[in-house]
Amino acid sequence: MVSVCLTSDLCVTPLGLEGDVDLRFLLVGGELLKVKSSSWKKNRFYKLQEDCTTMWHESHRTFKRNQTFSIDDVDSVRKGRQSEGLQKHTEAHVEDLCFSIIFKGRRRNLDLVAASVEEARQWVNGLEKILSNMKKLNRHWIFNCMRKADKNKDNKITLKELKHFLRQINIEVDDMYAEVLFAKCDKSNSGSLEGPEIKHFYDLLIYREEIDVIYGKYATTGEQMSVKNLLNFLLNEQREVASMEDAVRLIERYELDDSAKQKNHMTKDGFLMYLQQEEGSILNPAHKEVFQDMSQPINHYFISSSHNTYLMEDQLKGHSSTEAYIKALMKSCRCVELDCWDGPHGEPIIYHGHTLTSKVLFKDVIKAIKEYAFKTSEYPVILSLENHCTLEQQKLMAQHMISILGSALLTSPLEDQMPTAFPSPQLKGRFIIKGKRLNKLDAVYSNTSPGVEEDCVSEEDEAAETNNSKTDSNGQKAKPKKSKIKLAKELSDLVIYCKSVHFSGFEHAKDNQAFYEMSSFKESKAVNLAETAVNAFIHHNMTKLSRIYPAGSRTDSSNYDPVPLWNAGCQIVALNFQTPSKEMDLNQGRFRSNGQSGYVLKPDFQRYPGTEFDPVTLTKGPWLKHKNFHVISAQQLPKINKDKCKSIVDPLVKVEIYGVPADTCSKETRSIENNGFNPMWNETFQFDIHVPELALVRFLVEDYDSTSQNDLIGQYCLPLTSLQNGYRQVPLLTKHGDVIPSAGLFVHLMLLDSK
């Protein structure tokens, strides 16, 4: 049951939360201590507004005494002192009173302290319930809310009230659309809708001509689709391996009409509901879980990896924060970088050396990593150490990792003997250290161990590149030199499976490097190898790990194209996670399948010796598949340029394939003028795919502009092998990767094999 009062300010109680104690608490509101710094802690009144989607809070600013933020802008709520600000500016004894509101994008966290443990619990529980409820919004709830909006039973609702109401339940309808639809329904010309007119408005609002056509084609036994009709649709159109029981299950799950459900029938509303849920999504539901073999050595997987993970912004003066690690780990990043330098008071710090970036304590980063490493994915995390510290602070680094990470830190080979292969991702909940080591592992398990306490090693390749890129007083580039640093045995001994070594060529690596000795490549060198010696690179990565990092010249934290490096079998292709970009869209797309575990099994031709496969020239191009993409329509596209008064988007859709060079291609629809509500294209594209195992598909929706660059409306990327055939809904994400509520593409896909 849904409670709705229709007044000038609509009150909407979310479905399933009627009478909820925590929700009532938020609606009453209360004082919270807002924390910005050790010296800025002020009491402010916070209250959930009656629409249950907006939070109001008082402000003592002269021009902004009343401020609000949308719950839709909130990513999550963290209980306790789980933000950098609260850890730095509050004492441990208030742990149970604290919570943080984490916003999407780059907006600063809101750190708050409640008056009591119970109040903190109610704030956190109430906000989490609303967030969860908003993710489950569906048109059935919208219809129920509209039907019950008239609390005084006079069957009247004005245009102003209706537009406001639609906004509150997260339907962004342009005023022009709302007015046209309203006029069609106001048959009495009374300026308000009454009784059946409200349902008529709802029907017009969600009407989908394309759904009518599809439903009519398969509902052959009458006005409703029988279970046999639905099964025919699943088999013939969706190309699914389905049974009568599967069809019955869908009716039971998504049919809204009880009388139809009793007859094992599916109405048009139920059919639309099915298409908009997981089973109707473009992403294969089986791939939302871990479905790949996770027992192979980790070098057989692509590993989601971050560069300079500590940075929130650029590489010169950006903010360093534990929050950056949390955001990356929550996106299933499985390899994070720690750039370590000597800090004050004997404590090592992390920042981008020799720049104006801010600094964060090494131990605070390790604490944050321990807390958030396995919340999204339970599979192992690699800590890539860029070590610039003196011996004493190196020893403290080792001590912090051992004491904070405890038994989760891998400090010896799994078999307690000389290892012969990498562990698999089944090493769940564990941390692997990547860095320099004083000796080979062999020395530990032989009688020839040198017993060296402290010694020198060459610095990391990335640090060497930075140092060697400096210029002398004449402006000339300094001659490359190999720097040496002293390495503490305590830190060296923590490096087991990922020992950093300099790359001296594929033949040298084959003859001299142990399997656990890995190299880091700057992007230009890696791309050159991927273009000129791709088969050698692929075979190198069959037995070794390779890490790729952005060029030092990318001071703006921009990213390079990761695709050619994945084509060459490179596992750790590190990107700047803090920078929204096409490259990050592709990275998130690569790791969207396999349960978003951060590990994706490489194709067999990139894993097993004896395979001769060149993704550049396709010397072994065995698989040719024809993929038809029929872009049908879009729904509820958001308004992008809010500065343009009365601006309505002119959307177009691009379908892009990224993979081996022969597969990389982009095609686009025409633009639809002034329609972001329900544009229809009905355009079909065919792509010939040679290597589907490496191909990614990116859907891009843009607002066409003839005088300037198109604006991004939304995007979605996923592996080609994770696509479902048939009629599918494509969710749309912002440039930051957040879901755009209610918005989506409707497409039809068909994959045809060619011998």
Side-chain angles (χ1 to χ4, degrees), residues 305-311 314-322 324-325 335-366 368-369 382-402 404 433-438 452-471 478 480-495 498-503 518-522 547 549-555 557 572 574 576:
S305 306
S306 164
H307 170 255
N308 285 1
T309 314
Y310 48 89
L311 287 175
D314 65 75
Q315 312 276 317
L316 294 179
K317 53 184 176 16
H319 181 55
S320 302
S321 173
T322 56
Y325 286 92
C335 180
V336 296
E337 185 178 8
L338 298 86
D339 207 344
C340 310
W341 298 79
D342 279 358
H345 314 299
E347 282 289 347
I349 57 174
I350 291 176
Y351 86 114
H352 199 210
H354 308 301
T355 68
L356 298 177
T357 58
S358 63
K359 303 170 178 66
V360 59
L361 287 174
F362 177 84
K363 65 180 179 182
D364 287 347
V365 168
I366 298 300
I369 289 173
I382 299 171
L383 305 184
S384 181
L385 301 183
E386 191 83 31
N387 173 28
H388 307 274
C389 294
T390 56
L391 289 173
E392 288 306 310
Q393 295 209 14
Q394 287 181 40
K395 292 175 182 178
L396 194 54
M397 285 168 57
Q399 182 180 323
H400 284 325
M401 288 190 287
I402 292 170
I404 295 171
I433 304 299
K434 172 197 165 293
K436 291 290 184 176
R437 184 180 170 90
L438 290 171
V452 177
E453 290 296 322
E454 296 166 0
D455 206 345
C456 292
V457 294
S458 61
E459 65 181 349
E460 293 281 352
D461 286 348
E462 188 169 351
E465 182 201 356
T466 302
N467 292 335
N468 292 335
S469 66
K470 297 176 182 176
T471 57
K481 60 180 181 178
K482 291 185 178 180
S483 300
K484 294 278 187 179
I485 62 168
K486 284 196 170 185
L487 181 62
K489 182 177 184 298
E490 292 86 344
L491 192 59
S492 168
D493 287 349
L494 297 181
V495 177
C498 295
K499 177 187 176 183
S500 298
V501 298
H502 181 70
F503 178 74
M518 61 173 291
S519 299
S520 292
F521 303 81
K522 64 180 177 181
R547 174 180 174 268
Y549 59 89
S553 59
R554 293 186 182 274
T555 56
S557 293
I572 303 176
N576 292 308

Participant: Would you say the side chain of N576 lies within less than 4.5 Å of the side chain of Q315, judging by non-hydrogen atoms?
Facilitator: yes

Participant: Can you tell if the side chain of L396 reaches within under 4.5 Å of the side chain of F362, non-hydrogen atoms only?
Facilitator: no

Participant: Evaluate side-chain contact (heavy atoms from CB on, under 4.5 Å) for N387 paired with I485, printing each intermediate quantity in order.
Facilitator: CA-CA 9 Å; N387 173 28; I485 62 168; 4.1 Å; yes

Participant: When you check the side-chain N and O atoms of T357 and K317, is any donor under 3.5 Å from an acceptor?
Facilitator: no

Participant: If you compare all heavy atoms of M401 against all heavy atoms of L491, which two are closest, and at what distance to 0.1 Å?
Facilitator: CE-CD1, 3.6 Å

Participant: When you look at NZ of K359, are more than 12 heavy atoms from neighbouring residues, nucleotides or ligands closer to it than 6.0 Å?
Facilitator: yes

Participant: Which heavy atom of L494 sits nearest to which heavy atom of I433, and what is that distance?
Facilitator: O-CB, 3.5 Å

Participant: If you measure only the distance, is there a donor-acceptor pair under 3.5 Å linking the side chains of S384 and E337?
Facilitator: no

Participant: Side chains of D339 and Y310: do they bring a donor and an acceptor to under 3.5 Å?
Facilitator: yes

Participant: Which value, rounded to the nearest 0.5 Å, describes the distance between L316 atom CG and T355 atom OG1?
Facilitator: 6.5 Å

Participant: Please examine the side chains of V501 and K499, heavy atoms only from C-beta on, and report whether any two atoms are closer than 4.5 Å.
Facilitator: yes

Participant: Taking C389's backbone N and O only, do any of them form a donor-acceptor pair with Q394's side chain (distance below 3.5 Å, no angle check)?
Facilitator: yes

Participant: Enter the distance from L487:CG to C456:SG here, rounded to the nearest 0.5 Å.
Facilitator: 9.0 Å

Participant: State whether the side chain of S305 and the backbone N or O of C335 hold a donor-acceptor pair below 3.5 Å, judged by distance alone.
Facilitator: no

Participant: Counting C-beta onward and ignoring hydrogens, is there a side-chain heavy-atom pair between Y549 and S520 closer than 4.5 Å?
Facilitator: yes

Participant: Which heavy-atom pair separates G318 from L311 by the least distance, and what is that distance?
Facilitator: O-CD2, 4.1 Å

Participant: Begin from the C-alpha positions of V365 and V360 and carry the test side-chain contact (heavy atoms from CB on, under 4.5 Å) through to its verdict.
Facilitator: CA-CA 7 Å; V365 168; V360 59; 3.8 Å; yes

Participant: Does the side chain of E490 come within less than 4.5 Å of Q399's, by heavy atoms?
Facilitator: no

Participant: Is I350 close to L361 at the side-chain level, that is, under 4.5 Å between some pair of heavy atoms?
Facilitator: no

Participant: Working to the nearest 0.5 Å, report the span between CD1 of I382 and OG of S306.
Facilitator: 12.5 Å

Participant: Can a donor-acceptor pair be found, under 3.5 Å and without considering hydrogens, that links the side chain of S492 to the backbone of L438?
Facilitator: yes

Participant: About how many Å separate CD of E386 and OG of S500, when rounded to the nearest 0.5 Å?
Facilitator: 8.0 Å

Participant: Evaluate the ring planes of H388 and W341, with Trp represented by its six-membered ring, and classify them as parallel (under 30°), tilted (30 to 60°) or perpendicular (over 60°).
Facilitator: parallel

Participant: If I take atom CD1 from residue I404 and atom CD1 from residue I366, how far apart are they, to the nearest 0.5 angstrom?
Facilitator: 6.5 Å

Participant: Is it true that the side chains of T322 and D364 contain a donor and an acceptor less than 3.5 Å apart?
Facilitator: no

Participant: Is a side-chain N or O of Q393 found less than 3.5 angstrom from the main chain of G343, in a donor-acceptor match?
Facilitator: yes

Participant: Sub-3.5 Å donor-acceptor pair from the side chain of R547 to the main-chain atoms of I572, do we have one?
Facilitator: no

Participant: For residues K363 and M397, determine if any side-chain heavy atom of one lies less than 4.5 Å from a side-chain heavy atom of the other.
Facilitator: no

Participant: Work out which heavy atom in L338 is nearest to a heavy atom in V336; give both atom names and the distance.
Facilitator: CD1-O, 3.9 Å

